[in-house]
There are 2 protein chains.
Amino acid sequence: MDAEAIKQSLENSGLRCTPQRYAVMAFLMEHNRHPTAAEIFEAVNRVDPRSSRATTYNNLRDLVQAGLVREVAVEGRAARFDAKGIRHHHFICDRCGNVEDMEWYDVPRPASGSLGKRILRECELIFRGLCKKCALPRASRKLS
Amino acid sequence: MDAEAIKQSLENSGLRCTPQRYAVMAFLMEHNRHPTAAEIFEAVNRVDPRSSRATTYNNLRDLVQAGLVREVAVEGRAARFDAKGIRHHHFICDRCGNVEDMEWYDVPRPASGSLGKRILRECELIFRGLCKKCALPRASRKLS
DNA sequence: GAATTATTTAGATTATATCTAATATGACAT
DNA sequence: ATGTCATATTAGATATAATCTAAATAATTC
Ligand SMILES: [Mn+2]
Ligand SMILES: [Mn+2]
Ligand SMILES: [Zn+2]
Ligand SMILES: [Zn+2]
């Protein structure tokens with residue numbers, strides 16, 4: 001949507017606004033589906049200019065380091081990515097691995113004593129269970 | 001330590017107490033270092049009987065499914081494993097990826113309205129930042 | 001003890017991510 | 001405009017993590 005705003009946020013982070021990097025960022029901002037690197041690579045290559053796999057991974061790394069993108073590790077599956085827009089939590093489906101946004105609310109921080117010499121950057125709350133699609137009864141008997 | 005208790009918990013979960021599976025479970029119970037599958041594989045093979053890599057992965061999968069072991073996905077690194085003893089949260093180091101236990105406290109659940117048709121199994125709270133070792137000033141200038 | 005089922009195994013295979021080193025691009029000083 | 005230099009991109013190779021395969025072994029049931 002706001003091409004200039006994307007350009008600005010990249011440059012504010014000391015990153016050049018290259019076509020490839022812009023395409024990754026724009027794609028993440030207009031989707032809330034938490035795509036994998038492979039999905040992003042495929043998506044940005046449906047429009048010119050072409051971007052290589054290494055560049056897609058490099059740019060995702062840079063964007064995460066710059067704090068513009070969040071990486072979500074899912075057990076046994078490829079990492080998923082998420083433009084950091086409004087704050088929210090994540091629901092991860094035990095069965096299909098999909099990551100869904102959940103309304104944000106404040107999380108109590110640990111007692112400072114329990115942190116010791118660690119430096120806390122953030123508290124991340126992850127909900128786990130079955131997504132809507134996987135929770136439906138859907139004849140589990142027939143399939144098993 | 002309590003060999004019979006381990007045997008019981010495996011069998012209560014419908015899993016045979018094989019030497020290989022027992023070794024994985026016992027190793028996880030006597031370490032709180034959140035080892036990777038490769039580290040567990042290596043550790044259990046320092047004592048007889050030998051266990052193959054596939055068996056180590058198979059058993060970890062079975063133990064996680066049975067709810068006896070927790071798997072912790074860390075971005076860009078191998079998964080780590082943890083016998084589920086007393087409840088606790090996790091601190092994951094941004095820099096070295098180490099997973100450390102943190103004192104448990106209750107986490108507020110999401111408003112039921114925001115769950116929709118999803119089925120919630122658990123809320124997981126993850127702290128991120130720098131572990132004690134990585135937080136130390138340690139002449140970062142000299143090394144870079 | 002034969003049949004059945006669960007488990008283990010070595011090695012191949014897949015999936016995911018990173019590295020390499022050659023090339024291209026953009027910023028900026030002249 | 002042109003040269004310089006840091007940054008970014010690229011194809012393909014490589015590394016790492018995890019799973020699959022099919023045959024062998026071990027335990028359980030009949
Ligand atoms: Mn999200
Ligand atoms: Mn733990
Ligand atoms: Zn699902
Ligand atoms: Zn650390």
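Within every chain, numbering begins at 1; the chains are lettered A, B, ... in the order of the sequence lines, protein sequences first and strands thereafter. Keep in mind that this is a model prediction, so the values were computed, not measured.
- Here the options are Asp62(A), Thr55(A), Thr56(A), the test is side-chain hydrogen bond (donor to acceptor under 3.5 Å, both in side chains), and the partner is Arg21(A); only Asp62(A) passes.
- Between the P atom of dT7(C) and the CG atom of Leu60(B) lies a distance of 14 Å, rounded to the nearest Å.
- Rounded to a whole Å, the CD atom of Glu71(B) is 11 Å from the C1' atom of dA17(D).
- For Ala54(A), the side-chain atoms get nearest to dT10(D) when compared with the rest of dT10(D), dT8(C), dC20(D).
- Leu15(A) contributes atom CG, which lies 6.5 Å from atom CG of Leu63(A) (distance to the nearest 0.5 angstrom).
- Residue Ser52(A) has no polar side-chain atom (N or O) positioned under 4.0 Å from OP1 or OP2 of dT9(D).
- The phosphate of dT18(C) (OP1 or OP2) has no side-chain N or O of Tyr57(A) nearer than 4.0 angstrom.
- Judged purely by atom type and a 3.5 angstrom limit, His90(B) has no side-chain atom pairing as donor or acceptor with the backbone of Leu125(B).
- Distance Phe41(B) CZ to dT16(D) P: 16 Å, rounded to the nearest Å.
- Look at CD on Gln20(A): it is 10 Å from P on dT25(C), rounded to the nearest Å.
- Taking atom CD of Glu11(A) as the reference point, atom C1' of dA8(D) lies 14 Å away to the nearest angstrom.
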Protein-nucleic acid N or O pairs under 3.5 Å, nucleotides 4-6 of chain C:
residue: dA6(C); atom: O4'; partner: Arg16(B); partner atom: NH2; Å: 2.9

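- If you measure from atom CD of Glu75(A) to atom P of dA15(C), you get 19 Å, rounded to the nearest angstrom.
- Note that Arg118(B) lies outside the cation-pi zone of Phe127(A), set by a 6.0 Å cut-off to the ring centre and a 45° limit from the axis.
- Projected onto DNA chain C by closest heavy-atom contact, Arg77(A) and Asn59(B) fall at different nucleotides, the more 5' of which corresponds to Asn59(B).
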Inset, instruction - Take Asp82(B) and His88(B) through the test side chain to side chain donor-acceptor pair (under 3.5 Å) and record every step on the way to the result. - result: CA-CA 11 Å; Asp82(B) 191 7; His88(B) 59 276; 3.1 Å; yes

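- For Ser51(B), a side-chain nitrogen or oxygen approaches OP1 or OP2 of dT9(C) to under 4.0 Å.
- Contact annotation: Thr18(B) side-chain N/O to dA27(D) OP1/OP2 distance is not under 4.0 Å.
- Close to dT16(C), at under 4.0 Å from its OP1 or OP2, lies no side-chain N or O of Thr36(A).
- Between the P atom of dA18(D) and the CZ atom of Arg61(B) lies a distance of 13 Å, rounded to the nearest Å.
- One atom, CG of Leu15(A), and another, P of dT9(D), lie 10 Å apart when rounded to the nearest Å.
- Electrostatic pairing of Glu122(A) and Arg70(A) does not count as a salt bridge here, judged by no charged N lying under 4.0 Å from a carboxylate O.
- One finds a salt bridge joining Arg128(B) and Glu124(A) here, because a Lys/Arg side-chain nitrogen approaches an Asp/Glu carboxylate oxygen to under 4.0 Å.
- Looking at heavy-atom distances under 4.0 Å, Ala38(A) makes no contact with the nucleic acid at all.
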